[in-house]
Amino acid sequence: MPTADREAVAGLPPGIAAAREELTPMLSQYADLCAAHEDALVLFQVGDFYEAFCEAAAAVARVCEVTLTERSDSTGDYPMAGIPIDNAAPYLESLLDAGYRVALGDQVEDADQASGLVDRAVTEVITPGTVVEDDLLEAGTTNYVAAVAGGDESDPPSSVGLAAVDVSTGECLVTAGDRDDVAEELDRIAPAELIAGPDAPEFAPADAERGWTTHAHDSGAFERRAAVERLEPYLPDPDRRFDGDAELRAAGAVLAYAEYTQGDDGPLSYVTRIRRYDPRDRLRLDAAAQRSLELFENRGLGASDTLFDALDETSCALGRRCLERWLRRPLVDADAIRGRHDAVGELVDRTVVRERLADALGAAYDLERLVGRISRGRADARDLRSLHATLAVVPELKATLAEGDEVGSETDDDPRTDRLRDLRDRLDELAEIRELIDDAIAVNPPPEITEGGVIREGFDEDLDALRATEREGREWVADLEAAERERTGIDSLSVGHNQVHGYYIEVTDANLDRVPDDYRRRQTLKNSERYYTPELKEREEEIVGAAERADATEYELFVDVRERVAGETERLQALADAIAEIDALRSLSTVAVERDYVRPTVRTDDDAGVEIEGGRHPVVERAEEAFVPNDADLPPGSIAVITGPNMSGKSTYMRSVALAVVLAQTGSFVPAQAASLPVFDRLFTRVGASDDIAGGQSTFMREMSELTEILHDAGPSSLVLLDEVGRGTATTDGRAIARAAAEFVHDELAATALFATHYHDLTDLAAERDRVFNLHFTATREDGDVTFLHRVAPGASSSSYGVEVAELAGVPAPVVERSRELVADEADGGSGPAADPTGPDEDDAAGDASLREFLAEEADASDPGDSAREAERGGDESAADPPAAEREATDAAASSDGSAAASTDLADDLRALDLARMTPIEALNALHDLQSRATDDE
Ligand code: ADP
Ligand code: MG
């Protein structure tokens, strides 16, 4: 985001400031609005355009790609740029994207009625976190602005308060915790904008690209007294409602900011509930876990979807938003989890109900945002009609939930589960509101609410009388032409209307002699004259007067209806919640049925571990034609050390276990044949730096600081995924760190963990520690192709084969020989061969031979099947090599004084190869390339 831009043009443009003393009244009004909105770019309504001047104009022209013009008046020339008001959305979006806050300085007085300068005021400040325009918001998402405040003496030490509001829906959340807790919550809430109190610690988004912009708005709003005053209209006795000052001040500040952006018109009446919560009541998933599990963001690690995409079969925006909230905060209360499973199960069983609900919900509009607009007084007649259509769904939902699977069946006349029964009871039909809207609002109203056509006939007698007068007048005029032709005998006489002159009777010059005495001349045209008669004039005034009064009456009636609807904000919000939950549960049941998910058993006893039969990765399985299901059996506190070649399925396997946990605790069924799971309270994932290249954050430092967090915070109820940790540094260090971390997780934390590693000697841990066991993935070779089975098996895989690849790539023989020696030394002097009895203790020579043979076969593909059996023993795990060994080999190459410069280049190239991200065939091709270059060099 070009922040420099923003600094330059927020508030009063220097060009205007310089001329401030001599500005015309209009520009001086502009200057006042700018000066009052120091952090925003003011767009100033001039007729049908929003204009900006001087430096602000240059910015608007640049960002919105509109022409920079000039306004000249008696005081000078001012650069000017404008955007059309009735198509402002795309331009506003560009400005927001470019990092601007935009204050809309609207004309708040009818230009025709104003004596002198039209009054203008900022009616709204559009900021990334507070946009309410539907055009600028993605459907079915949340858009929060958050505030953070530091604690004081009354708070627990190092406490930070966090409050967030979605200004489009009125949802308001408040919590507090230490700095790390709050950082985690911020990542989860993912606000678009963060307002930082003067005493708050700094929070940077985990992902700068998609993260929030931080902003220091009016620090006075963070003061305790100001916060209490601000909160009073929202909840009685704010002083006693919060756990500490930090929460209270964050809540006060975020609402102050939200009000400011809505034109500072007082409390936001649709913020009806301020929900305090404890982050510990939810499965804690920090940003790193959310990212690496690709819950909401795809990082190109597996298929091109996210877990949310895979799970989202919602029918309406309400359901989508609810499902997203659930997935961002999976539950930790076993009964609550089972409650959701019960409801999903009921809908899984009741196909007819499930499908009818989906159909009915499809007609529901985004009630949360509608209610927001209605109570902000921004809703138009179409919004009320959308509300009506949504309310019309409610009786259908109620009836469907109560209906049996077969129409007319007596047995299933009620939802069977508490959850659905409760939801059915919460479906408030709001019949009086529905009828009010239906009686009052036209079925297909225009977007404007001031120009008539929004109120239905029969709703208001006075209005109907005005419209009748208007109609009769128009009919009289319509008949006038025929009547006057008859009276005057002029066949070409016509009656018309134009904006300036109103109604007229037109007679061509040839017939002027037949014009009657009572015609008064109105206008002379080239070949004709236009006239009016006193009666026509009278009628015209009648028509215009009636129409104007009717339009005004309609507007008043409309506003009145809108206010009456706004009076039911709380009930409407409660209804929105119920509809949202029904849709979310229904979506989960649809996914369960269509993708063959199973209800997990949720266990809370002490020896409940992860037991999954035939588990699948919910996202990868959708992209992979033949996904291979795998079992998982992790007793509490156990660590599975997983080895195997790159691309064999280690990461996918670990993630599918973690995703099963996330899904289950969200209330979803899980992709497996059978599953029994404990309730975890935290889930950690760390992906080794060089495996995390897609994130663009491949620093070893980061990996280690994340590891630190785990080692501090994980406990017996945590699930920990460590994927190639220690990879980002020198082998010896990396290996040592990986081992020490695994020992610590086992001995000190007693967390349940999955640990994929290319450090083969880590498999020794199984012999040394009770609750550590080995798993491995293998590959096989069929018809000359390396094939990964993607099947997990007990025991460790064979040791590494990187030296082999180095040799194939053309690293000179002496270096390769020396590498072999070093590997052998290491094996002798190190922790010895794999001690796990189930793991194959591979003879390196066998591995070497198999790859060489394999490539020989590739070159001469006449007899591909011969060594397949040998390959089965594991010697073929070489198509993609573990970079650790690769690095050892190339380090050796660099230090060997006997090798030529050419081979150093090759070594560099080899090092640059990112084999971890290649398919086996790509890897082989790349190595072939290097090999042939090595041959050329010789
Ligand atoms: P590793 O971590 O061992 O390098 P990955 O887990 O990243 O391997 O898997 C590599 C690719 O293999 C995945 O992107 C996926 O396409 C495929 N894959 C992984 N597991 C399976 C499976 N169980 N069934 C089918 N394909 C799989
Ligand atoms: Mg991997």
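For clarity, every value in this text was computed on a predicted model and none was experimentally measured. In what follows, residues are counted from 1 in the order of the sequence shown. In each ligand, atom 1 is the first atom listed, and ligand 1 is the first ligand listed.
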Visitor: Going by the order shown, which atoms of ligand 1 are within less than 4.0 Å of some heavy atom of Phe627?
Guide: 21 (C), 22 (C), 23 (N), 24 (N), 25 (C)

Visitor: Of the side chain and backbone of His790, name the one, both, or neither that has a heavy atom under 4.0 Å from an atom of ligand 1.
Guide: both

Visitor: Got a sec, which residues hit ring pair (Phe, Tyr, Trp, His ring centres under 6.0 Å) with Phe744, two or more places apart in sequence or on another chain?
Guide: none

Visitor: Has Thr652 got an N, O or S atom lying less than 2.8 Å from the Mg ion (ligand 2)?
Guide: no

Visitor: Both conditions, 6.0 Å and 45 degrees, for the charged tip of Arg739 above the ring of Tyr759: are they met here?
Guide: no

Visitor: Could you pull out all residues at least two apart from Arg282 that satisfy salt bridge (Lys or Arg N to Asp or Glu O under 4.0 Å)?
Guide: none

Visitor: What I want to know is whether Val628 and ligand 1 share at least one N or O pair that is separated by under 3.5 angstrom.
Guide: yes

Visitor: Gly649 to ligand 1: N or O pair under 3.5 Å?
Guide: yes

Visitor: Asp312 vs Arg320, test: side chain to side chain contact (heavy atoms under 4.5 Å, CB included). Steps then yes/no.
Guide: CA-CA 7 Å; Asp312 178 18; Arg320 187 173 197 275; 3.2 Å; yes

Visitor: With a 4.0 Å cut-off on heavy atoms, is Ser648 in contact with ligand 1?
Guide: yes

Visitor: Between ligand 1 and Ala626, can you find any atom pair, the residue atom being a heavy atom, that is separated by under 4.0 Å?
Guide: yes

Visitor: Decide whether an N or O pair under 3.5 Å exists between Tyr653 and ligand 1.
Guide: no

Visitor: I'd like to check Pro618 versus Tyr597 (side-chain heavy atoms, cut-off strictly below 4.5 Å). Are they in contact?
Guide: yes

Visitor: Just by distance, with hydrogens left out, do Ser651 and Asp723 show a side-chain donor and acceptor under 3.5 Å apart?
Guide: yes

